[in-house]
Amino acid sequence: MRIILLGLPGAGKGTQAKILAEELNIPHISTGDILRQASEDRTPLGLKAKEYMDKGHLVPDDLIIDLIKERIKREDCKKGFLFDGFPRTIPQAEALEKISNIDKVINLKVEDEVAIERLSGRRTCKGCGALYHIIYLPPKRERICDRCGGELIIREDDKKEAILKRLEVYREETQPLIKYYRKKGLLIIIDGGRSKEEVTKNLLGSVR
Ligand code: AMP
């Protein structure tokens, strides 16, 4: 099964994608995670990407397309994959079409206010990438990851100004993909404003 998960930043894509990929036994491919790792490792791609990411801008299409081309060549993608945060522009979707077929595109839909509230309270583990929320999913010990003991940080792009920029970029660059995939008959809409468990159940129901 080859799946794309679309949705505003803060819609819950990362959280749900991890669960869904595990349930379906396919790799979870998050371009955001790959770029953050590259930036941490200070690779040429990572250093270039960081400048865009910290401001809430999109990383140029050619860099992302090359990254995805390499990633889906790997053995684990033979059984399918779950894309989270890719494609984010029409040129990315067109490039993807040339290299792979897609079975389902899910739009995890939330209101702007919900996305802003989730992003501004979000904390991310520097060690393992686990996600928390200061109100909805607080860690047992303040600023410490329950899972690995790593430090919980506020991502640079989860700061107020970058959040607003990301929502604006989403509307301009990514939203057109909804229509693009609807026309192809691949689009499924799931209400991302419900509880985490309900969303998981609905997502699994939509792909099984
Ligand atoms: P995410 O973790 O998916 O919210 O992505 C974090 C940031 O990484 C985005 O705000 C972009 O700067 C960059 N990024 C991730 N995926 C893409 C993509 N498909 N195209 C362009 N930029 C991306």
Side-chain angles (χ1 to χ4, degrees), residues 2-18 20-21 27-41 43-72 81-100 102 105-108 110 112 114-126 128-133 152-178 180-181 192:
R2 288 165 296 230
I3 307 171
I4 292 173
L5 199 51
L6 290 176
L8 276 178
K13 296 191 298 297
T15 306
Q16 296 293 341
K18 284 189 182 83
L20 208 60
H28 165 212
I29 302 179
S30 154
T31 38
D33 285 351
I34 296 172
L35 294 172
R36 274 185 290 279
Q37 186 62 52
S39 147
E40 186 112 320
D41 297 343
T43 67
L45 166 70
L47 293 175
K48 213 182 277 179
K50 186 169 166 36
E51 291 172 33
Y52 297 93
M53 295 169 76
D54 284 354
K55 296 194 197 102
H57 292 254
L58 290 184
V59 172
D61 285 337
D62 53 342
L63 295 181
I64 300 286
I65 293 164
D66 286 349
L67 183 162
I68 286 290
K69 274 186 184 158
E70 284 309 307
R71 181 64 187 86
I72 66 172
F81 46 73
L82 173 58
F83 282 145
D84 155 17
F86 174 83
R88 256 180 160 96
T89 64
I90 296 281
Q92 289 180 19
E94 288 171 347
L96 173 62
E97 218 171 278
K98 293 197 185 115
I99 54 172
S100 179
I102 294 297
V105 179
I106 304 171
N107 180 23
L108 199 53
V110 294
D112 280 18
V114 174
I116 292 170
E117 203 197 0
R118 286 183 181 171
L119 290 174
S120 48
R122 182 154 84 176
R123 299 292 180 269
T124 306
C125 174
K126 219 175 153 188
C128 71
L131 298 173
Y132 296 85
H133 189 281
L152 301 186
I153 54 158
I154 304 178
R155 261 165 56 175
E156 201 53 45
D157 60 347
D158 280 344
K159 294 181 179 160
K160 189 74 196 263
E161 209 171 297
I163 290 176
L164 297 178
K165 185 71 199 167
R166 286 161 76 199
L167 296 184
E168 182 191 322
V169 167
Y170 180 87
R171 225 164 278 121
E172 281 170 15
E173 305 274 356
T174 311
Q175 190 116 320
L177 291 176
I178 308 276
Y180 179 90
Y181 286 118

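For ligands, and for the atoms within them, numbers begin at 1 and follow the listed sequence.
In this structure the side chain of Ile29 never reaches within 4.5 angstrom of the side chain of Phe86, judged on heavy atoms. With contacts defined as side-chain heavy-atom distances shorter than 4.5 Å, the pair Lys165/His57 qualifies.
Under 4.0 angstrom from ligand 1, the non-hydrogen atoms of Asp157 all belong to its side chain.
Taking a cut-off of under 4.0 Å to the non-hydrogen atoms of Leu35, the atoms of ligand 1 that pass are 8 (O), 13 (C), 14 (N), 15 (C). Atoms of ligand 1 found under 4.0 Å from any heavy atom of Arg166, numbered from 1 in the order shown, are 4 (O). Atoms of ligand 1 found under 4.0 Å from any heavy atom of Gly32 (numbered from 1 in listed order, with element): 2 (O), 5 (O), 15 (C), 16 (N). Counting the atoms of ligand 1 from 1 in the order shown, those under 4.0 Å from a heavy atom of Thr31 are 15 (C), 16 (N), 17 (C), 19 (N). Atoms of ligand 1 found under 4.0 Å from any heavy atom of Arg155 (numbered from 1 in listed order, with element): 1 (P), 2 (O), 4 (O), 6 (C). Interface of His57 with ligand 1, defined as ligand atoms under 4.0 Å from a residue heavy atom, comprises 11 (C), 12 (O).
At under 3.5 Å, a nitrogen or oxygen of Arg88, whether backbone or side chain, sits near a nitrogen or oxygen of ligand 1. Residue Val59 places at least one N or O, backbone or side chain, under 3.5 Å from an N or O of ligand 1. Geometrically, ligand 1 and Tyr52 share no nitrogen or oxygen pair separated by less than 3.5 Å. In terms of N/O distances under 3.5 Å, ligand 1 is approached by Arg36. For ligand 1, none of its N or O atoms has an N or O atom of Ile64 under 3.5 Å away.
Counting only distance, with no hydrogens or angles, the side chain of Thr31 and the backbone of Gly85 share a donor-acceptor pair below 3.5 Å. Panel note: side chain Lys13, backbone Gly7; a donor-acceptor pair is recorded below 3.5 Å. In this structure, Glu173 contributes its side chain and Val169 its backbone to no donor-acceptor pair below 3.5 Å.
We find the CD-CZ distance between Glu168 and Arg166 to be 13.0 Å, quoted to the nearest 0.5 Å.
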Does the pair Ile64 and Arg88 meet the rule for a side chain to side chain contact (heavy atoms under 4.5 Å, CB included), with working shown? CA-CA 10 Å; Ile64 300 286; Arg88 256 180 160 96; over 6 Å; no
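Atom 20 (N) of ligand 1 has as its closest protein heavy atom Gln92 NE2, 2.9 Å.
With a 6.0 Å radius and a threshold of 12 heavy atoms from other residues, nucleotides or ligands, Lys18 has its NZ atom above the threshold.
With salt bridges taken as basic N to acidic carboxylate O contacts below 4.0 Å, none links Glu51 and Lys48.
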